[in-house]
Amino acid sequence: MTSTDTHKDVAILMGSQSDWPVMRSAAEKLAALGIGYDARVLSAHRSPEKLRAFAMGASAAGFKVIIAGAGGAAHLPGVTASMTLLPVLGVPIAGKVLDGQDALYSIVQMPSGIPVGCLGIGAAGAANAALLAAAILALEDKALHERLQAFRQAMSEASPDLPSGQV
Ligand code: RP5
């Protein structure tokens, strides 16, 4: 499944095109699980009106979960969450300075009342955001639940019992 498929349960937002190499990990996991997604660049600072229009209409547009990745001040996940009741999963992205700790602290430290589910910094966080989105969607989708279970099983089987390269 790709972002061009018609039914899109998940929106992947990012503050800048420069975030895509990281957020691509979320897209890949969603595609592997057969979940339709729509990826967009929307910035809380550079294109606030476009973000507002998207967030206010996201539920009516049929999205069920939003994944939002941003670096630096990283206001995108929180601002998005303030304008929708959909679950928002935030991914901190490492920029040229501070290694993403700035984004992590920003996204994780939401004021009580407007939650963002904050994942880890970078590609692992983006991949886990997709898997968490899948788990949320699987609550109401038995076929997806089975695909998620198969993914876990395959991961477990691919994990070696012993480390290679022992001396
Ligand atoms: C944030 O500023 C974006 O999410 C990005 O991580 C960061 C830097 O953006 P660019 O200057 O690379 O466009 O809003």
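Counting starts at 1 for both ligands and their atoms, in listed order. Owing to the predicted nature of the structure, the values given are computational and were not obtained by experimental measurement. Heavy-atom basis, side chains included; hydrogens, waters and symmetry copies ignored.
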Going by the 4.0 angstrom heavy-atom rule, the piece of Ser18 near ligand 1 is side chain

Logged contact type for Met14 with ligand 1, heavy-atom cut-off 4.0 Å, is neither

Worked verdict on Phe63 versus Val10 for side-chain contact (heavy atoms from CB on, under 4.5 Å):
CA-CA 6 Å; Phe63 291 110; Val10 178; 5.8 Å; no

May I ask you to check if ligand 1 and [X] share an N or O to N or O distance below 3.5 Å?
X	value
Asp19	yes
Gly71	yes
Ser43	no

Give the atom numbers and elements of ligand 1 that come within less than 4.0 Å of a heavy atom of Ala70.
4 (O)

Measuring only between side-chain heavy atoms, which start at C-beta, is Gln109 closer than 4.5 Å to Cys118?
no

protein heavy-atom neighbour closest to atom 10 (P) of ligand 1 works out as Ser16 OG, 3.5 Å

Would you tabulate the side-chain donor-acceptor contacts of residues 78-104 under 3.5 Å, counting partners in other chains and residues two or more places apart, or write 'none'?
from: Thr80; atom 1: OG1; to: Leu76; atom 2: O; distance (Å): 2.7
from: Ser82; atom 1: OG; to: Val79; atom 2: O; distance (Å): 2.6
from: Thr84; atom 1: OG1; to: Leu86; atom 2: N; distance (Å): 3.1

For the residue pair Ile107 and Ala74, what are the closest heavy atoms and their distance?
CG1-O, 3.6 Å

With a cutoff of 4.0 Å, is Arg46 in contact with ligand 1, counting heavy atoms of the residue only?
yes

Point-to-point distance, once rounded to the nearest 0.5 Å, from CG of Leu132 to CD1 of Ile67:
8.5 Å

Return the CD1 to NZ distance between Ile12 and Lys29, rounded to the nearest 0.5 Å.
12.0 Å

